[in-house]
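Below is one structure; the comments refer to it alone.
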There are 2 protein chains.
Amino acid sequence: MLDERDREVLCAIVQSYINNPDPVGSRFITRKYAFSLSPASIRNIMSDLEELGFLRQPHTSAGRVPTDKGYRFYVDSLCSHEHQYDNRAFFYEITRELESIKNDIDILLSETTKRLSNFSHYLGVALSPKAGSATFNRIKLLKHRRNHVVTVLFTDEGMVRNKVVDVDFDLTQRDLNRIASYLNSEFYGCNLNEIRTKIVREMSEEKILCDTLISRAIRICREVLSSPSGNIFISGFTEVLGLPDFSDVEKIKEISRAMEDKHLIIKLLDKFSESAKDEVQVIIGSENSLAGMKGFSIVAATYKEGSMPVGSVGVIGPTRMDYSKTIAMVDIVSKFITKVIEGK
Amino acid sequence: MLDERDREVLCAIVQSYINNPDPVGSRFITRKYAFSLSPASIRNIMSDLEELGFLRQPHTSAGRVPTDKGYRFYVDSLCSHEHQYDNRAFFYEITRELESIKNDIDILLSETTKRLSNFSHYLGVALSPKAGSATFNRIKLLKHRRNHVVTVLFTDEGMVRNKVVDVDFDLTQRDLNRIASYLNSEFYGCNLNEIRTKIVREMSEEKILCDTLISRAIRICREVLSSPSGNIFISGFTEVLGLPDFSDVEKIKEISRAMEDKHLIIKLLDKFSESAKDEVQVIIGSENSLAGMKGFSIVAATYKEGSMPVGSVGVIGPTRMDYSKTIAMVDIVSKFITKVIEGK
DNA sequence: TATTAGCACTCTCCTGTTGAGAGTGCTAAT
DNA sequence: ATTAGCACTCTCAACAGGAGAGTGCTAATA
């Protein structure tokens, strides 16, 4: 479909536009990229590329601009995925500054997104491990004031989570210990999601258990498991405001709305976690299924725990994004987080 | 200094400008506010008010606009602080929807700021209780994997906080229990800040204790207390983008930078907590000591725990802010949070 | 003496025009 | 197949003119 020359021109246009958001014209291409072709020939090629949907013109007598399809082709077939030199500073910074934060995954992720946005100039995003996919190790119940129980849940993965649970009955610490050991023997090694569904089923079926210790145990456990979605971290709004892509107030509102709708972004990143692909993934502009996110691209990857993806980290920016560099950065970051978590 | 008539005119100008961000002219005043004076007389008054620093003109032949000093006078002497009717819906919403979130103060505050920004159209902010001012009740240490200890700290105020602490020595659960009971007997009833300073002192003085149980206890405790500052919650960026005050990209960058600098806002709100005044406090534009926050106003109040202010909640917006309404809202919110916390 | 009508003046903002500049597509020559 | 040449289109910046809003000042008025 595209011969070598066409590809070269497309590549030059995309790179030039990424570098500087002006529609790129034929003359500019010949001069800047030293093709052994005249502007007129370039124009013919550009015209073909436009026909094929890789480029478009903002208006007659403007240069060309890549379409989402153009970016896609560039990412898949044209851009080099080596960018190690540029990103070396980034790599050193995160390893040097963040390796020590290994006990609090939330802080680690939040700091990571900050660094990511600083270096990429786009939004850094990360999704903390979903509790649901973790494995129940043990639970500890501590009496707090009357009617309050502090629960501390340990997972096999080393996550610790606490929550204060209201109970409508008074329990001694001894009762709590018995409840805890019941839960521990019942659920040891189970996946938290499974436990939740199991509990819901049992609660609807066996109303008989009412007011026994087990029923209380179940009720407490349900409370503990009731907040399933992981935290999301987004950094770098000020950073993106500096980009020429956001010199327009409408564009700013758009990305701000997208950011506010955290649920949508969570959903999106969740998809990444599910598709257990190993590489960095890229969603470009309108490929996105979310209405509010068309116009932006997402570059993301998962980080793993015991070879299972448990969360994701990435970058959101304009479609006019330095994909090559960003992909390399996200790759670095996802591997780094995996390493920190596993090495814990 | 200002007679009754001058005040009325100033009040009209401020209110008109708050209502609609156009410089207000003499003719407009006479018509809208039905003064029994001609535009020419109003002009004379306005000229006086400008001389006194309450008003300024963006340019000759524009109307007048309040200065920070003008807003200050308005807030202190002119505006009515009754706004109950307008805010009734707001009051109902927060009491109905948020009262149930009493076990997790962070979620309560974050939801509160969301509601606050929705109703005010400005940024809602809140500072969670500073751990330092709380009172040690007891600590529980649980063995996590090798070299990791899960600490659960209870305060008299009912706060629970957990943290995973790395230790460079292996301890049995039994050791941990002994350490915990040492800490419990040593620090029961102490203020957390005191404990921290005490620990720092002891660690520098008595190196002798090295490698004993007590030294280990102290080390763990220090870790637990090492993150002193409270969380900050800010909501409503999309909300403020809708205001005419932020139709300019520069203004947007300004407020975005201010938001990113969370430390500064924390500092600012901390001051509110310290000055133990009971009322809602207002900082207008350049009264602010923070460079990045000039140009914005802050309306904030503290919420209390046992009649001690422990955190603050408020609103950040343009100096052209509906002070009357906002002050009433912040008042409602701060009292609401106090009630929820105390009633816990 | 305080108030006001009248008027000249200033400044912004909108609109329309114009010319430069950049880039294109097409055609004919190489 | 490539390219030079040219007419055409579109944007953008600069400029001018006119409407509109508001002011300050002065002289007349109650």
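Naming: A, B, ... by sequence-line order, numbering from 1 per chain. Because only heavy atoms are used, hydrogens play no part in the values below, and waters and symmetry mates are left out as well, while side chains stay in.
OP1 or OP2 of C/dT3 lies within a sub-4.0 Å distance of a side-chain N or O belonging to B/Arg5. Taking side-chain N and O atoms only, A/Arg27 has no distance below 4.0 Å to OP1 or OP2 of C/dG21. Under 4.0 angstrom from either OP1 or OP2 of D/dG22 there lies no side-chain N or O belonging to B/Arg31. Contact annotation: B/Ser38 does not reach the phosphate of C/dT3 (side-chain N/O to OP1 or OP2, under 4.0 Å).
Within the shown strands, D/dT3 is the pairing partner of C/dA28 under the Watson-Crick or G-U definition, both distances less than 3.5 Å. D/dT9 is paired with C/dA22 under the criterion used here, namely a Watson-Crick or G-U wobble arrangement in which both key atom distances are under 3.5 Å.
Taking atom CG of residue B/Leu37 and atom P of nucleotide C/dT1, one finds them 19 Å apart after rounding to whole Å. B/Ile45 has its CD1 atom 17 Å from the P atom of D/dG22, to the nearest Å. Rounded to a whole Å, the CG atom of B/Asp22 is 13 Å from the P atom of D/dT23. Counting to the nearest Å, the P atom of C/dG25 and the CG atom of A/Asn44 are 8 Å from each other. Rounded to whole Å, atom P of D/dT26 lies 14 Å from atom CZ of B/Arg43. Spacing between atom CD1 of B/Ile29 and atom P of D/dA21 amounts to 16 Å, rounded to whole angstrom units. Atom CG in B/Asp48 sits roughly 12 Å away from atom P in C/dA2 (whole-Å rounding). Whole-Å rounding puts the B/His59 NE2 to D/dT23 P distance at 11 Å.
Between B/Phe246 and B/Phe296, the ring-plane angle classifies as parallel under the 30° and 60° cut-offs.
Residue B/Thr60 is classed as a sugar-phosphate contact, given heavy-atom separations below 4.0 Å to backbone atoms only.
Not one N or O on the side chain of A/Ser110 forms a donor-acceptor pair closer than 3.5 Å with the backbone of A/Phe233. Without hydrogens or angle criteria, A/Thr113 side chain to A/Ala126 main chain gives no donor-acceptor distance under 3.5 Å.
Here C/dT24 is the nucleotide among D/dT3, C/dT24, D/dT23 with the atom lying nearest to any side-chain atom of A/Ser26.
Applying the side chain to side chain donor-acceptor pair (under 3.5 Å) test to every pair with at least one member in residues 45-58 of chain A, sequence neighbours left out, gives these pairs: A/Glu50-A/Arg64.
The only option from B/Lys69, B/Arg72, B/Lys294 that meets the side chain to side chain donor-acceptor pair (under 3.5 Å) definition with B/Glu287 turns out to be B/Arg72.
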